[in-house]
Amino acid sequence: MQKYVLISALFLFFHSIAFTENAKAWRGGWASYWKDTAEQIKLAKKLGFNGLIFNLKKPEKIEEICDLAEKENIEIYAWYTIISNKENKELSQVMSDAENKRLEIIKSDKSPGRNRYQSGGEPFNKEGDVLLNELLCFHRPEVLALCKKQLEEILQKYPRLAGIGFDYFGYRNYKCCNCPVSEKMFNEYYEKLHKDNKDISREKALEKFSLDTLTAFVNELAAYVRKIKPGCKTAIHIYPTFIPEPVYGNRLDVDYCMQTAAWYFEPFWGLDKVDRYTKIIVNDANRYFKRQSGIPFVGIYMRPGISKPPERFREELKTIRKTGTQSFSICPFNIFLEHPELAKILLEELGVPK
Ligand SMILES: [Zn+2]
């Protein structure tokens, strides 16, 4: 028995090394429009970025961005979210009364840093967090149909895009949706699950239901994108967090899965946590799907009240590099244009992948 355990441990050890060394590094930046696009693309190249994700709010700029990026072999992705808008508000997720009360408190807090509100990251305060943005409920068939229609339109309108960059795919309360459609769907799910497993609690079943349906939704959209445009790439940032299992991204059949290894706000994550998360993100990326590369994501702002000190950024990158990976993702990418000292740190700590 002991021998078996030892052999298994050795296998896992070498298996993880092999994956770390073999996995090709990839860098993705969540970018916004910059006054000088040529300067932006040039810097992305210098910093080893393979992909930049832009919103499509300035369609006239996309052509110029694609032109410049193509010359540098950088791929451009369309930012795509399920944030609700005025037209589809009635399809939004629903939270409990307590969560709505919490939302009002967070909204009315105008202090810098909002009393350690983590804004979609793992909550720190005992009272919990909720996301300020309203999100569509993807348990509703209308939402799936709407997303497919929008994605098809994007791919037709912008044939030069390499792919779609999914963002904000999750639950506003980081757990579940309480709308009547979701509740009915969960009750049916629980009844079925309970038949085979009498011991499973309602709470555990809800976690499983929420994760199963979230990952199935993303996977269906990613497959749809590939069906509409064969070879089209899919990328995602795992955001907002999912409390029962924050590093769940390897369940997604996407090309590039950017999962948070270090979050924006104080209290900054312990370096042991950065190390632990990076190893899962990179080494377990292919647990379910061959297609995926696991990309560690680092959040950093340099604004009054919500700044991360550059030396802290350096420590996080050092920890990520120690795991063997040179892959990396950041939002906002433009922070490197505004703060060249951070670009320098990135090059010093992660280098440029060959
Ligand atoms: Zn719902």
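Throughout, residue positions are numbered sequentially from 1 according to the sequence presented. Only heavy atoms go into these numbers, but all of them, side chains included; no hydrogens, no water, no symmetry mates. In each ligand, atom 1 is the first atom listed, and ligand 1 is the first ligand listed.
The aromatic rings of His237 and Tyr239 lie parallel to each other, with less than 30° between the two planes, well short of the 60° mark. The aromatic rings of Tyr168 and Trp79 stand perpendicular to each other, their planes meeting at an angle above 60°, with 30° marking the opposite boundary. A tilted orientation is assigned to the rings of Phe138 and Tyr171, their planes being inclined by 30° to 60°.
Considering Phe333, Trp26, Tyr77 as possible partners of Phe49, the one that fulfils the ring pair (Phe, Tyr, Trp, His ring centres under 6.0 Å) test is Phe333.
Rounded to 10 degrees, the SG-metal-SG angle spanning Cys179 and Cys137 at the Zn ion (ligand 1) equals 120°.
Not a single N/O/S atom of His139, whether from backbone or side chain, sits less than 2.8 Å from the Zn ion (ligand 1). At least one N, O or S atom of Ser182, from either the backbone or the side chain, sits less than 2.8 Å from the Zn ion (ligand 1).
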